[in-house]
Amino acid sequence: MTRPHAQRMSLLISSLIGKTRSTGPDRVSWESTGPDRYELTLTNTTIVISTRDGDGSAPYVFKIIDGSGRTVETVEYESANYNVYELDSLYEAVSVNSSGVDEKLGEIFTELGIEEPPF
């Protein structure tokens, strides 16, 4: 039996947050494709997260685009009062992921001999 759509979307987005923040082999890499717009390209799907106003903050727009370029799902997040899918957390993780800052911090810590506690 298939879960209801809202539960499946919530599972997808929370899993993307985890995989985006991961430092392990299951980490996904997002590409910055414009100001405040990021894409994750899969085999037959592109997932996009962006800000509607291009200002790096809410409202956020999450889209699933099929292999032919057709948008099959769009979810928008307007304010903290209605954040069913945690799009703000996903956007923040994607922004850090695509910037390369995690890798750069690792290099700096290694060079300076700074030991990080396990996460």
Side-chain angles (χ1 to χ4, degrees):
M1 180 176 187
T2 303
R3 291 180 181 203
H5 178 72
Q7 284 183 328
R8 296 180 82 205
M9 287 298 297
S10 183
L11 176 61
L12 171 61
I13 292 170
S14 64
S15 296
L16 284 171
I17 292 168
K19 289 180 177 294
T20 299
R21 290 181 176 160
S22 175
T23 58
D26 63 336
R27 180 177 182 172
V28 295
S29 294
W30 295 74
E31 179 183 352
S32 177
T33 58
D36 301 308
R37 178 184 163 91
Y38 305 93
E39 292 185 2
L40 175 64
T41 304
L42 305 174
T43 305
N44 294 310
T45 308
T46 300
I47 299 172
V48 176
I49 185 144
S50 61
T51 63
R52 186 178 346 142
D53 304 327
D55 62 0
S57 61
Y60 300 107
V61 180
F62 177 86
K63 292 184 179 184
I64 299 173
I65 302 169
D66 70 14
S68 66
R70 182 177 65 100
T71 299
V72 296
E73 177 66 286
T74 300
V75 176
E76 291 194 32
Y77 157 74
E78 294 284 339
S79 71
N81 297 330
Y82 186 72
N83 192 15
V84 174
Y85 294 119
E86 299 183 79
L87 290 183
D88 58 341
S89 296
L90 178 60
Y91 184 85
E92 178 185 327
V94 168
S95 180
V96 169
N97 174 283
S98 73
S99 73
V101 70
D102 284 335
E103 292 81 4
K104 185 51 69 182
L105 285 172
E107 288 175 25
I108 293 168
F109 288 174
T110 299
E111 187 171 336
L112 295 175
I114 299 171
E115 193 170 317
E116 289 188 84
F119 295 102

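Everything quoted here is computed from the prediction, not taken from an experiment. All residue numbers in this chain count up from 1 along the given sequence.
Among residues two or more places apart in sequence or in another chain, the side-chain hydrogen bond (donor to acceptor under 3.5 Å, both in side chains) test is passed with Arg27 by Glu103. Here Leu12 pairs with Leu16, Phe62, Ile64 under the side chain to side chain contact (heavy atoms under 4.5 Å, CB included) rule; sequence neighbours left out.
To the nearest 0.5 angstrom, Glu31 atom CD is 10.0 Å from Leu40 atom CG. Taken to the nearest 0.5 Å, the OG1 atom of Thr71 stands 5.0 Å off from the NZ atom of Lys63. Rounding to the nearest 0.5 angstrom, the gap separating the CD atom in Glu76 from the OH atom in Tyr60 is 13.0 Å. Distance check, rounded to the nearest 0.5 Å: CG of Asp36 to CG of Asp55 gives 6.5 Å. The line from OG1 of Thr41 to CG of Asn44 is 11.5 Å long, rounded to the nearest 0.5 Å. Atoms CD and CD1, from Glu92 and Ile17 in turn, are 9.5 Å apart once rounded to the nearest 0.5 Å.
Using a 4.5 Å cut-off between side-chain heavy atoms of Ile, Leu, Val, Met, Phe, Trp and Tyr, with links allowed through other members, Val72 and Val61 fall into different hydrophobic clusters.
Tyr38 places none of its side-chain heavy atoms less than 4.5 Å from the side chain of Leu90. The shortest side-chain heavy-atom distance between Thr51 and Ser57 does not fall under the 4.5 Å cut-off.
When every heavy atom of Glu39 is checked against every heavy atom of Thr46, the shortest pair comes out as OE1-CG2, 3.8 Å. Trp30 and Asn97 get closest at one heavy-atom pair: N-OD1, 3.0 Å.
With side-chain heavy atoms closer than 4.5 Å counting as contact, directly or through intermediates, the hydrophobic cluster containing Val48 also holds Ile65.
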